[in-house]
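Just so it is clear: chains get the letters A, B, ... in the order the sequence lines come, proteins before strands, and each one is counted from 1.
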2 protein chains.
Amino acid sequence: MPARTASRDPAAGTVQVADAGPTPAFSPLYQQIKVLLLRSLQVGEWPPGSVIPSETELAGRYRVSQGTVRKAIDEMAAERLLVRRQGKGTFVATHAAAETRYRFLRLTPDAGGPARLARQLLDCRRMRASAEVARALELKAGEPVVEVRRLLLDGGQPVVLDDLWLPGAQFRGLSAETLARWRGALYELFESEFSVRMIRAEEKIRALAADPEAAALLALPPGAPLLLVERRSFTYGERPVELRRGLYRTERHHYRNELS
Amino acid sequence: MPARTASRDPAAGTVQVADAGPTPAFSPLYQQIKVLLLRSLQVGEWPPGSVIPSETELAGRYRVSQGTVRKAIDEMAAERLLVRRQGKGTFVATHAAAETRYRFLRLTPDAGGPARLARQLLDCRRMRASAEVARALELKAGEPVVEVRRLLLDGGQPVVLDDLWLPGAQFRGLSAETLARWRGALYELFESEFSVRMIRAEEKIRALAADPEAAALLALPPGAPLLLVERRSFTYGERPVELRRGLYRTERHHYRNELS
DNA sequence: GAGTGGTCTAGACCACCAC
DNA sequence: TGGTGGTCTAGACCACTCA
């Protein structure tokens with residue numbers, strides 16, 4: 001484990017990375033391991049869906065006990081960055097797997113069962129970031145972004161009108177053609193084609209009256225109540241890489257949430 | 001640990017509770033400990049806010065190692081049933097603590113900072129459960145329930161209109177006077193006066209147009225868009241003990257959510 | 001200083017999976 | 001059969017709290 005320089009006897013005193021400052025800010029070994037694993041994920045050493053080395057091998061590599069590696073991986077599994085599979089190994093989480101494909105989609109049919117929505121691409125263009133988009137994506141105003149507009153339909157009826165903004169620098173080849181050809185989930189495309197993996201998101205939800213444009217696209221009378229879902233998605237290192245503004249019809253669907 | 005009957009050598013073979021059925025459904029020791037701890041919580045052996053026995057003492061009581069108790073408590077802490085405090089002990093989670101007082105309230109001012117809402121009780125009456133309320137609370141239609149209606153205000157302006165239904169059997173002394181006198185959060189009252197502790201909740205969120213009654217109470221024109229938040233809260237053993245129907249004004253507030 | 005939870009290690013064995 | 005994660009133990013020491 002390169003970051004750790006202090007000498008250490010087995011089962012002996014405090015272990016700590018070298019640190020010149022006062023109050024060296026104790027950080028447990030397993031947290032330091034976690035940082036190293038995180039870095040490997042971030043630089044793509046182990047791509048989404050692949051197996052990472054076994055606990056024993058990582059323990060050898062970092063010169064710590066298997067239990068310490070285990071605790072680091074435990075936390076990362078709880079954060080849904082890794083997935084453990086007994087007998088097989090530990091895998092990098094991916095939006096491509098069936099279990100996690102629509103992990104961030106909270107819209108649910110009232111009837112029960114998972115949402116099965118068809119997509120209809122309305123627009124995809126490159127433009128300069130407005131002040132609001134720039135702030136959300138931590139860009140400078142005027143930097144290039146990709147704007148996507150699409151509809152999601154359930155049984156032919158429009159249910160969601162989505163607007164997305166993505167940093168242009170990280171989504172260079174993204175075009176209407178790319179999107180039209182793609183069969184899987186958006187986040188799957190982002191992972192496999194642009195090496196951008198979404199790990200968490202924040203949403204702000206409001207009710208509002210449909211404006212004429214949204215009403216027309218969603219086949220509603222203007223003024224009809226809609227759910228506005230504003231999402232900001234983050235990749236490794238808390239970097240925002242997507243702003244999304246969804247308008248949801250909630251006559252036959254709802255936004256499901258779990259509080260604990 | 002009374003439930004475990006198989007003989008066991010230290011650091012030796014499989015340990016399992018007695019079980020006559022086929023495929024004995026292996027359950028790890030720490031899960032069995034968890035069940036025992038859960039039962040103690042459920043019967044009120046350790047009330048909300050109190051310390052539970054130390055890991056060492058529990059290990060002795062159940063005849064397992066401290067690490068096994070630790071793992072059971074770890075999971076319960078992750079589920080927010082227990083709270084660990086280094087140097088002090090492990091405590092039963094409570095809605096009375098400042099950190100967890102409004103844990104289930106996702107309404108947030110756009111300006112930032114936590115919501116500081118005043119309450120105004122509109123109604124509190126005992127009645128018979130409608131079919132819908134009975135289904136949600138897993139009662140028989142016609143069984144007694146308590147219905148509460150109240151407003152939440154921010155800076156004097158109404159923001160939330162809440163309707164609550166509670167099983168009458170578990171909230172016997174609950175009345176308008178009780179509610180009017182109470183200063184803290186509702187869930188704090190439920191814990192301390194009725195021994196009902198909410199541990200998780202499900203919410204379904206929709207947008208709808210304000211009906212005349214709601215509009216009047218929320219000082220809005222009829223038809224204005226509102227967030228409808230339907231909550232079902234559960235206590236130990238997945239028993240539903242509250243149905244709540246909240247109408248939220250979202251001009252200056254939003255419902256905040258975190259996806260991971 | 002005594003007691004609590006928190007970290008770390010080492011070793012044994014079990015459950016699951018693939019070859 | 002061998003490798004992976006999963007469980008369990010025992011023991012040492014650290015960090016934190018409070019009297």
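Within the 4.0 Å cut-off from OP1 or OP2 of dG3(D), not a single side-chain nitrogen or oxygen of Lys88(A) is found. For Ser54(B), a side-chain nitrogen or oxygen approaches OP1 or OP2 of dT4(C) to under 4.0 Å. Between Thr68(A) and the phosphate of dT7(C), there is no side-chain N or O to OP1/OP2 separation shorter than 4.0 Å.
Of the candidate nucleotides dA10(C), dT7(C), dG5(D), dG5(D) has the atom nearest to the side chain of Arg84(A). Side-chain proximity of Arg70(B) to the nucleotides dG5(C), dA10(D), dG5(D) is greatest for dG5(C). Closest contact between the side chain of Gln86(A) and the listed nucleotides dT9(D), dA10(C), dG5(D) involves dG5(D).
The two atoms that bring Arg80(A) and Ala93(A) nearest to each other are O-CB, 3.3 Å, heavy atoms only.
For Arg61(A) and Glu57(A), the salt-bridge test passes: some basic side-chain N is under 4.0 Å from an acidic carboxylate O. Using a 4.0 Å cut-off between a side-chain N of Lys or Arg and a carboxylate O of Asp or Glu, Glu203(A) and Arg244(A) do not qualify as a salt bridge.
Residue whose closest nucleotide on DNA chain C sits further toward the 5' end, between Gln31(A) and Ile52(B): Ile52(B). Ranked by how close their nearest DNA chain C nucleotide is to the 5' end, Val69(A) and Gly87(B) are led by Gly87(B).
The main-chain N or O of Glu188(A) is found under 3.5 Å from a side-chain atom of Ser192(A) such that the two form a donor-acceptor pair.
Across all strands, Arg85(A) comes closer than 4.0 Å only to sugar-phosphate atoms, never to a base (heavy-atom distances). Among the heavy atoms of the strands lying under 4.0 Å from Thr90(A) are primed sugar atoms or P, OP1, OP2 only; no base atom is included.
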